[in-house]
There are 2 protein chains.
Amino acid sequence: MSSTAPPPSSLPHRVPDLGAMVLLIAVARHGSLGRAAREVGISQPAASGRIRSMERQLGVALLDRSPRGSRLTDAGALVTDWARRVVEAAEAFDAGAQALRDRRDSRLRVAASMTIAEYLLPGWLIALRAGRPGTAVSLLAGNSAAVALRLMAGEADLGFVEGLSIPEGLDGTVIAHDRLVVVVAPAHPWARRDRLTPGELAATPLILREHGSGTRQVLDAALAVHGGLARPLLELSSTTAVKGAAESGAGPCVLSELALGEELSARRLVTVPVAGVRLRRQLRAVWPAGHRPTGPARDLLSLTAREPGES
Amino acid sequence: MSSTAPPPSSLPHRVPDLGAMVLLIAVARHGSLGRAAREVGISQPAASGRIRSMERQLGVALLDRSPRGSRLTDAGALVTDWARRVVEAAEAFDAGAQALRDRRDSRLRVAASMTIAEYLLPGWLIALRAGRPGTAVSLLAGNSAAVALRLMAGEADLGFVEGLSIPEGLDGTVIAHDRLVVVVAPAHPWARRDRLTPGELAATPLILREHGSGTRQVLDAALAVHGGLARPLLELSSTTAVKGAAESGAGPCVLSELALGEELSARRLVTVPVAGVRLRRQLRAVWPAGHRPTGPARDLLSLTAREPGES
DNA sequence: TGAGGTCATAGGCTGGGCTTATGTCCAGCA
DNA sequence: TGCTGGACATAAGCCCAGCCTATGACCTCA
């Protein structure tokens, strides 16, 4: 989604579907088309054909077939690993969607801020599912006030918020930190800067999320000390839109570190350090004061709890 | 792929296909089903039906339809962002696969080590495509020696290797560092350790990639000073298999930081610092001595080149 | 040489997803 | 008030991708 290009031969036509990727991964694991077919619940000829058509589509041989089984070619190994990344993203999607579906009456009802629901929660749910398979989780996403409300009303068992303080009436614990970072396209002059002064940041129009987002609040608070609020160059409604605008060189933007994995390692965006501004915010698990989480809520909490040796 | 579970109702059945995700993202961008349909090249009723069936599948309303257009619901916004992650992974897949396909005769022929080809290159190619749309890239993955060979033989224009030194006959520049980290499942005793001594690491059987992998070499070299080579508990052939084994509690493993994004933030795995061991390795771009890259090779190189303000 | 594993090929069926044509609703404008 | 245009929904029909079963070819090992 880095461009608004009208896709002549669009992505889905150039990429095998999820089923094919899952199948390929299964073949890699089992070393056999037939066994992989059984695992994913299709017949051996179907698997054979499916892999074959994937090879045609990609123009690369993926498997060395032999009468004793099938092994990945070098290219196949690479493709399989890329496929795994796609499948992992799909699993996160599934975990999140599943939590979203079970609107009420689930055993564990979680209320979380947007950023946490978006970036962290699906991973936690996958982990939770691995450890406690049966647990049904429902998810409600909203801002800190909404999360607090749900908890106080007994409509959620565990909450996650980002921000500077714990909402009234709740107890909580810090589970992680999130850093806001200033990023620009590699071609932007700031990409060469050793560091920025807070004054410069406050004086420069930035690409931002719309007013009211958590990111925006933290940024405003941090800059208040140094010459006023952040000045918007563009106000966009989704994180991805912000990234896209920054990538295409529209200007600098400020985003949560959590949102920037791929873009940074591909150097589609680069970070610009800012001297002496506190752009860290705490991510907290919260619950009604006095009611320490128990049962599945405790399980989830312990999954997320920060421990000494941190990355 | 974190488990070997036999999928009763498998992932692809629970997750919409790529086309649907792309469509949803387009709807989010345009605020209109019809316009989104046009963008992805299908008819308006097809788009309508497709989104509807996605809502049925997920059990969540994604769109607020009105006679003046469609806006995402809150749940829809979340789902769209998760979908974007899947689509981004698919784009990386596509970029990699495309490079793999154009075996010979491409304008820019890249030879890269496995780790770089797997984790970094697709992102670079997406960025390159954004900046220099027409560039056809071909990719050849292999170990350092193979990369050197290709470059010397004139069969590749630019190479990427990981390791301690530049192969004979090549010039190069460091473009990034890769840290190897020791990770364990959160339940593992080491997860509580403040830090490990190198001796402990050398004395403990680890889950490792098979002999000959770059990761393995660096680890062996680092541990050689402290009581010998790494001792394998399991030797597995893919990074993901190693992660899976570690997650399920089989033991500690050592992996490149690049391979561990999701697992760490979800705390499915946690890192264990090791005192006084040099587990950094350099990632380098290389080319035949004296032949500085030009043209598209230079473009790609400048995309990857490290600059002062690093994250 | 036969048994048991592998993968490939062939033929026939089914259904999901597409298109076109049409209906309904709403807003804005005369 | 009634017309127009844009939005989405519904209906009917078509088509092809992908599946299954059945079978064949090949290799290995006893």
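In the text below, chain A, chain B and the rest are named by the order of the sequence lines, each starting its count at 1. All values reported here derive from a predicted model rather than from experimental measurement.
- Counting heavy-atom neighbours within 6.0 Å of B/R71 CZ, excluding the residue itself, gives a total of 12 or less.
- If you measure from atom CZ of B/R52 to atom C1' of D/dT10, you get 10 Å, rounded to the nearest angstrom.
- One finds a side-chain N or O of A/R65 lying less than 4.0 angstrom from the OP1 or OP2 phosphate oxygen of C/dA8.
- Taking side-chain N and O atoms only, A/R50 has no distance below 4.0 Å to OP1 or OP2 of D/dG18.
- A/A46 comes within 4.0 angstrom of sugar-phosphate atoms only, judged by non-hydrogen atoms across all strands, and of no base.
- Listed candidates were C/dT6, C/dA8, D/dC19. Nearest to the side chain of A/Q44 is C/dA8.
- With distances taken from any side-chain atom of B/P67 to the nucleotides D/dC19, C/dC25, C/dA8, the minimum falls on C/dC25.
- For the pair B/R38 CZ and C/dT19 C1', the interatomic distance rounds to 16 Å; values are reported in whole Å.
- Rounded to an integer number of Å, the gap from NE2 of A/H30 to C1' of C/dT6 is 15 Å.
- Rounded to an integer number of Å, the gap from CG of A/L63 to P of C/dC7 is 9 Å.
- In this entry the distance linking CG of B/L18 with P of C/dG16 reads 19 Å, nearest Å.
- Toward the 5′ end of DNA chain D lies the nearest nucleotide of A/S53, the other residue of the pair A/S53 and A/R68 mapping further downstream.
- By the 4.5 Å heavy-atom criterion applied to side chains, B/V147 and B/R150 are not counted as neighbours.
- The side chain of B/I42 has C/dC18 as its nearest neighbour among C/dG17, C/dA8, C/dC18.
- As a whole-Å value, the separation of B/L33 CG from C/dC18 P is 13 Å.
- Note: A/W124 and A/F160 have tilted aromatic rings, judged against thresholds of 30 and 60 degrees for the angle between ring planes.
- The side chain of A/S43 lies closest to D/dC20 when the candidates are D/dC20, D/dA9, C/dT19.
- Here C/dG16 presents its C1' atom at 15 Å from CE of B/M54, a figure rounded to the nearest Å.
- Counting to the nearest Å, the C1' atom of D/dT10 and the CD1 atom of B/I51 are 17 Å from each other.
- For C/dC7, the OP1/OP2 oxygens have no side-chain nitrogen or oxygen of A/S48 closer than 4.0 Å.
- There is a side-chain donor-acceptor pair under 3.5 Å between A/T240 and B/R84.
- Between B/S66 and D/dC8 there is no side-chain polar atom (N or O) within less than 4.0 angstrom of OP1 or OP2.
- Scanning both residues, B/R216 and B/P232, for their nearest heavy atoms gives NH2-CG, 4.0 Å.
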